[in-house]
Every structure is written in C-alpha cells, then in structure tokens.
Amino acid sequence: MSGDRTGLPDHRAVVVPEWIDYNGHMSEAFYVLVFGHATDALMPEVGLDEAYRGRSGCSLYTAEAHVRYLREVPEGAGLTVRTRVLGVDAKKCRLVHEMYAAGPAGRGGASGGSAGGSAVATTELLMIHVDQGAGRAAPFPEPVRECLASLVEAAPEWAGRSIGPVPRG
C-alpha cells in the first residue's frame with residue numbers, strides 16, 4: 001500500500017469480537033462489510049453524498065463483486081482499506097478495495113491498520129449509478145463522472161481475475 005498516493009482517503013476499522021468466527025478469525029461476511037463501508041466512504045468524496053442521494057433519488061449499487069481472502073485476521077486487528085477507481089463510463093464504474101491489517105490494537109499494532117505489507121483481502125467491484133425511482137441505471141452527473149475519471153489508476157495485477165473450473169481428478 002502506497003503511503004504517498006493522493007486521491008481517496010483510506011477507510012479504517014478495527015476487528016471487533018462479534019466478527020470472529022468458529023475458526024478464531026474474522027468471518028468472511030465481515031470482510032465484505034468492511035469493504036461495503038469503504039465504498040460508502042467513497043461516495044461523498046466523489047459527490048454522491050447523502051444530500052445528493054436525497055435530492056436526486058439516485059445511488060450507487062454493487063452489480064458484481066469478486067472477493068479474495070488472502071490471510072486470516074484476528075480480533076482487535078486494525079484494518080486499513082485502500083480504494084482505487086479503475087474505470088468509469090456514463091453509468092458505471094469499476095473499483096477495487098485492498099484491505100491491510102496491523103496487529104491487535106494496544107498490542108504493538110496500529111489501531112487503524114498497516115501502512116505497508118501485504119493485503120489480507122481484496123475485492124473488485126462493478127458499480128452502477130441507479131435511479132431508484134425508475135429502477136434502472138442512470139448517467140452520473142457530469143461533475144461526478146469527471147471526479148471519478150480523475151481518480152482512475154492502473155489496475156493491480158490481480159484485478160480482472162475470475163474463478164476457474166476445479167480440475168477433475
């Protein structure tokens with residue numbers, strides 16, 4: 001994770017006891033929850049804040065997601081999610097989130113996650129701008145589309161992958 005990048009702020013969270021599963025680490029559902037909160041944090045940064053949503057009746061919906069669970073995360077770990085915009089057109093955008101973890105808060109780890117190291121999880125998202133009243137995709141307002149376009153970064157090497165077939169054997 002680059003500490004000197006500009007653009008979107010990182011999203012931070014701490015793994016709470018309720019997120020720990022029967023295997024003793026963060027349950028898969030809560031990785032998705034944290035990624036969802038990172039998407040929520042992106043929205044006001046690009047002009048899709050609560051006032052916009054109330055005024056326009058439009059919002060950002062997740063149409064497709066691909067999550068990779070790379071490492072176990074313990075209770076108390078500080079999480080940092082870095083968001084990148086990979087592309088945008090009139091009605092949709094492609095995002096990735098990369099989640100990093102630091103040791104449990106108060107035990108030598110940063111409470112907000114790591115400033116470096118390897119990702120513990122990633123997700124790639126296809127987001128659609130939706131007119132909720134009409135129930136269908138709608139064009140982004142031009143300032144929002146321009147803002148998203150100004151944030152576009154090169155895709156990380158892992159983006160664009162899919163799940164392949166399981167070999168028979």
Side-chain angles (χ1 to χ4, degrees), residues 1-2 5-13 15 19 21 23 25-73 77 79-101 113 118-168:
M1 183 166 71
S2 171
R5 73 180 183 92
T6 59
L8 298 168
D10 293 334
H11 173 70
R12 298 186 189 284
V15 179
W19 295 358
D21 66 14
N23 294 315
H25 52 77
M26 192 162 83
S27 179
E28 63 189 54
F30 296 103
Y31 288 81
V32 175
L33 176 74
V34 173
F35 285 140
H37 289 168
T39 299
D40 292 345
L42 158 87
M43 292 175 69
E45 297 293 326
V46 299
L48 299 173
D49 59 10
E50 185 177 354
Y52 167 78
R53 294 189 308 272
R55 190 174 57 252
S56 69
C58 293
S59 190
L60 202 56
Y61 285 23
T62 303
E64 186 174 341
H66 182 204
V67 180
R68 297 184 319 141
Y69 302 96
L70 305 172
R71 287 178 183 68
E72 297 174 355
V73 178
L79 303 174
T80 300
V81 179
R82 178 184 179 200
T83 300
R84 298 191 219 189
V85 178
L86 302 187
V88 62
D89 71 9
K91 299 178 185 178
K92 59 186 176 278
C93 66
R94 180 178 165 214
L95 307 174
V96 295
H97 295 304
E98 297 165 300
M99 183 184 296
Y100 298 85
S118 299
V120 297
T122 66
T123 190
E124 182 174 7
L125 305 168
L126 177 63
M127 309 299 296
I128 308 292
H129 184 250
V130 174
D131 180 328
Q132 295 175 298
R136 64 176 172 259
F140 285 112
E142 192 57 23
V144 171
R145 194 202 61 73
E146 288 175 359
C147 181
L148 286 164
S150 75
L151 295 168
V152 170
E153 298 184 37
E157 56 83 23
W158 53 264
R161 293 183 182 173
S162 63
I163 299 171
V166 176
R168 297 181 96 154

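None of these values were measured; they are calculated from a predicted model. Below, each value reflects all heavy atoms present in this structure, side chains not excepted, and no hydrogens, waters or symmetry copies.
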Only one of Asp21, Leu33, Val15 passes side-chain contact (heavy atoms from CB on, under 4.5 Å) with Met26, and that residue is Val15
Is the shortest heavy-atom distance from the side chain of Val81 to the side chain of Tyr31 under 4.5 Å? no
dist Thr122:OG1 -> Arg68:CZ (nearest 0.5 Å) comes out at 3.5 Å
Kindly indicate whether the side chain of Leu70, heavy atoms from C-beta on, has any atom under 4.5 Å from the side chain of Val120. no
Taking every heavy atom of Ala119 against every heavy atom of Arg71, the minimum-distance pair comes out as O-NH1, 2.9 Å
Taking all non-hydrogen atoms of both residues, which atom of Ile128 and which atom of Ala137 are closest, and how far apart? CG2-CB, 3.6 Å
Treating Arg145 as the side-chain partner and Asp89 as the backbone partner, does any N or O pair qualify as donor plus acceptor under 3.5 Å? no
To the closest 0.5 Å, what do you measure between CG (Leu148) and NZ (Lys92)? 13.5 Å
In this structure, are over 12 heavy atoms from other groups packed under 6.0 Å from Glu146 atom CD? yes
Counting distance only, does the side-chain N/O of Asn23 pair as donor-acceptor with the main-chain N or O of His25 below 3.5 Å? no
Please name the pair of heavy atoms, one in Val144 and one in Gly47, separated by the smallest distance, quoted to 0.1 Å. CG2-O, 3.9 Å
Check this for me: does any side-chain nitrogen of one of Glu98 and Arg84 sit under 4.0 Å from a carboxylate oxygen of the other? yes
Inter-residue atom distance Cys93.SG - Leu48.CG, 0.5 Å rounding: 8.5 Å
Under 3.5 Å: donor-acceptor pair, side chain of Glu124, backbone of Arg94: no
Ala65 versus Leu125, closest heavy-atom pair with distance: CB-CD2, 3.4 Å
Taking atom OG1 of Thr80 and atom CZ of Arg12, what is their separation to the nearest 0.5 Å? 4.0 Å
Is the CD atom of Glu28 crowded by more than 12 outside heavy atoms at less than 6.0 Å? no
Reported CE-to-CG distance for the pair Met127 and Leu95, which is rounded to 0.5 angstrom: 6.0 Å
Contact between Val96 and Pro156 at the side-chain level, heavy atoms closer than 4.5 Å - yes or no? yes
Just do the side chain to side chain contact (heavy atoms under 4.5 Å, CB included) check on Glu45 and Leu151 with the steps written out, would you? CA-CA 11 Å; Glu45 297 293 326; Leu151 295 168; over 6 Å; no
State whether Arg53 and Glu50 are salt-bridged, where the test is any N-O pair (Lys NZ or Arg NE/NH1/NH2 against Asp/Glu carboxylate O) under 4.0 Å. no
Heavy-atom closest pair, residues Thr123 and Trp158: O-CH2, 3.9 Å
Residues at least two apart in sequence or cross-chain that pass side chain to side chain contact (heavy atoms under 4.5 Å, CB included) with Ala41, listed by chain then number, are His11
A side-chain contact here means heavy atoms from C-beta on lying under 4.5 Å apart; do Trp19 and Val34 qualify? yes
Starting at OG1 of Thr83, measure out to CD of Glu153 and round the result to the nearest 0.5 Å. 9.5 Å
Which residues pass the side-chain hydrogen bond (donor to acceptor under 3.5 Å, both in side chains) test with His129, sequence neighbours left out? Tyr52
For the student: nearest non-hydrogen atoms of Ala101 and Leu79, plus distance: CB-CD2, 3.8 Å
Any side-chain heavy atom of Leu42 sitting closer than 4.5 Å to one from Leu8? yes
